[in-house]
Structures are given as structure tokens and as C-alpha cells.
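Hydrogens, waters and symmetry mates play no part in the numbers below; they use all other heavy atoms, side chains included. Residue numbering restarts at 1 for every chain, and letters A, B, ... go by the order of the sequence lines.
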Amino acid sequence: MHPDNEDPLDMIFARALQGTSIFLSRDVLRTEYIPDQILFRDHQLKAIGGIFSPLLTGHKPSNLLIYGKTGTGKTVVTRYVLNRLLDKTKNTNLNVAIAYVNTRIASTEYRVLTEIGRNLDLQLPFTGLSISEAFKRIAYHIKERGSKAIFVLDEIDFLIKTSGDNLLYEFTRVNELLTQNSFVTLVGISNDLRFKESLDPRVLSSLNEEEVLFSPYSVDELKAILLDRVKYAFVPGTVDESAINLCAAMAGAEHGDARRAVDLLRVAGELAERENANRVEDRHVNMAAKSIERDRILEAIQSLPIHGKLILLAVSSFKDTENTGRIYAKYTEITKRIGIEPLTQRRISALLSELDLLGLVSAPVVSRGRMGRSKKIRIAIPQETVRASLMDDETIKALI
DNA sequence: CCTCCACTGGAAACCTAGGCTC
DNA sequence: GAGCCTAGGTTTCCAGTGGAGG
């Protein structure tokens with residue numbers, strides 16, 4: 001057999017067929033995966049389990065607020081407990097309904113409501129209804145079915161930041177509309193402790209009936225978690241121990257982020273597989289770190305609206321930092337060239353702040369005395385990445 | 001210590017797409 | 001199908017501001 005002479009595609013298919021891939025199961029390394037056993041989170045597991053347990057006898061559990069940095073297991077533990085609870089109630093006459101919404105992804109009040117509706121098998125049109133109408137429909141749906149509902153609002157700080165606490169206030173009062181055999185319990189998940197400050201005290205006291213804190217994992221704990229996943233994810237002996245250590249160390253260096261550790265391992269595995277290596281080594285992990293960062297940026301840019309892309313292009317055409325006025329001038333020049341109506345400077349200022357938040361540009365506000373007060377704007381990602389990702393856009397392609 | 005630049009960022013008005021009612 | 005309503009994005013308006021230069 002001469003592998004060199006074979007069609008490369010045939011080889012890939014053959015490998016897949018023979019199951020000689022280094023992966024046993026990729027799914028184990030996906031972010032949505034919920035393991036059978038959760039390590040180092042006994043305390044939180046018991047606490048959350050205890051808080052939800054009244055549900056088993058048909059009583060309303062307390063509202064709950066969960067805190068912890070990204071990748072500390074908040075979402076996984078919550079979903080795990082709720083899944084187990086659903087199993088327990090499956091053969092009873094308790095009608096338990098769980099709605100999970102990530103409010104960073106469902107970024108407006110209305111989208112949060114449609115998402116909750118979807119989770120409860122209630123179709124809501126994606127636009128056209130008022131917030132209060134959508135809200136009433138959900139409440140009526142729960143009441144009619146006598147549901148014991150749990151609303152999990154993940155990354156709840158985003159909802160508060162973008163839309164205030166009006167919706168949350170309505171949620172805390174929804175039980176007044178419901179009858180005895182139906183209720184809604186709220187679970188808020190946040191990685192920012194400070195968001196409490198911007199809540200109405202009434203909302204806070206209602207939402208904060210119980211509180212559970214998730215601390216970051218240590219590097220040793222991360223390593224143990226990875227070793228556990230490796231057992232199910234990879235063919236035995238195909239992952240170097242030093243590669244695992246490196247994943248754990250990289251993820252631990254930030255703040256004990258298990259999601260990042262697992263992502264690194266998955267991407268490292270995929271890179272190793274792609275180059276037909278039979279082991280995952282340190283260098284694959286290093287490559288994975290770069291690849292993940294690059295993908296994050298590419299995705300962020302590609303999902304930008306057209307004006308966001310044009311601003312990015314304007315910013316990236318300067319080497320040094322520039323103030324808002326100069327960026328705006330460049331931006332209007334670009335829009336003229338491709339025949340698009342420019343947005344106002346006020347709007348561009350706001351969009352620049354959004355790009356700053358996304359980490360694509362750096363735009364701190366500085367005062368230059370007599371030279372006025374403005375943003376100090378600079379591109380924050382490699383020039384070549386900007387070009388590569390903007391090439392996808394037909395209207396912009398011609399400019400580059 | 002005062003001025004004054006070049007915006008910032010809050011607030012309200014305006015616009016548009018799309019569902020609802022009759 | 002006309003007329004109404006709302007959410008979300010944008011524009012309009014404008015008071016407020018940090019600090020170098022006088």
C-alpha cells in the first residue's frame with residue numbers, strides 16, 4: 001500500500017470508515033455537552049438540587065441567582081440538575097416546563113420572550129406583537145396547562161445592560177396572574193456580580209431569594225476534568241499528557257475556565273486529525289489557541305452589519321490612533337465610493353463603542369485639552385485578519 | 001484659575017418592517 | 001386590504017466634560 005499514490009479524499013473517507021480517527025467521540029468535547037458526572041461542583045450541585053427539590057411535591061421553588069466567571073460550570077450544573085429533575089417528574093402528573101434562554105444571544109426583551117415561548121411549545125411571531133402581549137400569551141399558556149415552569153435566564157447581566165430590568169420586574173410578578181397549580185420560578189445566571197446594583201430593589205429581593213456562587217477551577221481541577229473527558233473523547237494513548245497539561249495551564253492562566261480548556265483540547269484534536277497525526281501534541285494545542293482566537297474574530301466581523309464593517313475598514317486604514325472626527329471623515333469617504341448613505345457621527349460614535357466592546361478596536365475616551373475630548377481609536381486585531389474577513393462581503397470586496 | 005475644543009452620551013423624536021383587527 | 005400598533009434602529013438636539021494652553 002502506497003498512501004502517497006492514493007486520492008487524499010479517499011484516504012480521509014477510508015479513515016473515517018475504519019474508525020481510525022483519533023476521536024472516539026467529539027460530542028464529549030462540545031460546549032453543550034452535559035457529562036454524566038460533574039467534577040468538583042458537589043457543593044453547588046447539592047445547593048441547587050436542594051433549592052429545586054420542592055418542585056417534586058408540586059411546590060414552587062425559590063427564585064435563584066447564580067454567579068461565577070465564564071467556564072465555571074454554572075450553565076452545565078444548572079442544566080444537569082434540571083435534566084435530572086425532569087427525569088424524576090416524567091412519570092408523575094406534575095407538568096414541569098423548563099425554558100432556557102441565553103439573553104446575550106436573544107439580545108432584546110422581545111427575543112427573550114419568543115425564545116421562552118419556543119421552549120414551552122408556544123409559537124410567537126418574531127415581530128409584530130407588543131412585549132406585553134407576548135408576555136400575556138406566555139402567562140396564559142402556562143396557566144392553561146397548569147405548568148410548573150422554570151425560566152433560566154443565562155447571562156442575565158446582558159439583558160439588564162441593554163434593556164433595563166422592566167422585563168425582569170414583570171417576570172417576578174407573573175405569579176400574580178397564575179392560579180394555584182401553576183407558577184414560574186426564575187433562575188438568573190450571571191458572570192458579573194455588579195449587575196445587581198442596577199436592579200430595582202424590589203426585583204432584586206424577589207430574584208435573590210437564593211444565591212449560589214461558582215468559584216473558578218484550579219489548574220489541577222481543570223486537568224482532572226480534561227483527563228475525564230479524554231477517556232471518552234479520544235482513542236486511548238492518542239493524547240500526550242503534556243498537551244493536556246498545557247490546555248489546563250492556558251485555561252487556568254485566565255481564571256480557571258473549563259470551557260476554554262475543553263475547547264482547546266477539541267480544536268487541538270481536530271487539527272491533529274486534519275494533518276493525519278496519530279497523537280495530539282503540545283504544538284497542536286498552541287495552534288488551537290491561535291485558531292480559536294482567529295475564528296472568534298472572523299465570526300465577530302462577519303456578523304457585523306454593513307456599517308460596522310465599513311467603520312472597521314476606516315479604522316484599519318490608519319496606522320496611528322485617530323479621533324472620532326477623522327475616522328468619521330474616512331468612513332463617509334468610503335460610503336460615498338460605494339454609494340451607500342452614511343450614518344450620522346453620533347451613531348458612528350456609538351458603533352465605535354460597540355466595536356470596542358467586541359475587542360475589534362480599542363477606543364478609550366481621552367481628553368486632549370484644547371484639542372478637545374474624543375475617543376482614541378486604533379485597530380485591535382491583525383490587519384490581515386480584517387482584510388480576510390471583509391473579503392466575504394461582496395459590496396466591500398471591491399474596495400480592498 | 002479660567003477657557004474652550006471636539007466630542008461624549010442621554011433623551012426624545014422619527015422611521016421602517018411586520019403582525020393584528022376588522 | 002386599509003389602518004393601527006410596536007420593537008428596534010437611527011437621527012436630532014443638546015447639555016456636559018477633562019485637561020492643555022493661556
Are there any protein N/O atoms within less than 3.5 Å of an N/O atom in nucleotides 7-9 of chain C, and if so, which ones and at what distance?
from: C:dA7; atom 1: OP1; to: A:Ile131; atom 2: N; distance (Å): 3.1
from: C:dG8; atom 1: OP1; to: A:Thr108; atom 2: OG1; distance (Å): 2.2

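Atom P of nucleotide C:dT11 and atom CG of A:Leu351 are separated by 9 Å, given to the nearest angstrom. Straight-line distance from the OH atom of A:Tyr328 to the P atom of B:dT8: 12 Å, rounded to whole Å. Rounded to whole Å, atom P of C:dT10 lies 12 Å from atom CD1 of A:Ile306. We find that CD of A:Glu354 is positioned 12 Å from P of B:dG9, with the value rounded to whole Å. We find that CG of A:Leu352 is positioned 8 Å from P of B:dT8, with the value rounded to whole Å. Straight-line distance from the CD1 atom of A:Ile340 to the P atom of C:dT10: 13 Å, rounded to whole Å. Residue A:Gln345 contributes atom CD, which lies 13 Å from atom C1' of C:dT11 at whole-angstrom precision.
Under the salt bridge (charged side-chain N to carboxylate O under 4.0 Å, His left out) criterion, A:Arg283 pairs with A:Glu275, A:Glu281, not counting sequence neighbours.
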List the protein contact pattern of nucleotides 13-21 of chain C with one symbol per nucleotide (5' to 3'): B for base contact, S for sugar-phosphate-only contact, - for none; contact means a heavy-atom distance under 4.0 Å. B--BBBBBB
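Contact annotation: A:Lys375 does not reach the phosphate of B:dA6 (side-chain N/O to OP1 or OP2, under 4.0 Å). The phosphate of B:dA6 has neither OP1 nor OP2 within less than 4.0 Å of any side-chain N or O from A:Thr324. In terms of phosphate contacts, A:Ser374 brings no side-chain nitrogen or oxygen within less than 4.0 Å of OP1 or OP2 of B:dA6. In terms of phosphate contacts, A:Arg137 brings a side-chain nitrogen or oxygen within less than 4.0 Å of OP1 or OP2 of B:dC20.
As judged by a 4.0 angstrom heavy-atom cut-off over every strand, A:Glu133 is placed among residues making no nucleic acid contact.
Salt bridge status for A:Glu293 with A:Lys290: absent, with no side-chain N to carboxylate O gap under 4.0 Å.
Within a 6.0 Å radius of NZ in A:Lys69, other residues, nucleotides and ligands contribute 12 heavy atoms or fewer. Shown here is A:Glu333, whose CD atom has more than 12 heavy atoms of other residues, nucleotides or ligands within 6.0 Å. Summarising the local packing, CZ of A:Arg279 is surrounded by more than 12 heavy atoms from other residues, nucleotides or ligands at distances under 6.0 Å. Counted within 6.0 Å of CZ on A:Arg26, heavy atoms from surrounding residues, nucleotides or ligands total more than 12; the atom is thus considered enclosed.
Judged by distance alone, the side chain of A:His141 and the main-chain N or O of A:Leu120 form a donor-acceptor pair under 3.5 Å.
By the 6.0 Å and 45° rule, A:Arg41 stacks over the aromatic ring of A:Tyr217.
If you look at A:Phe234 and A:Phe23, their ring centroids are closer than 6.0 Å.
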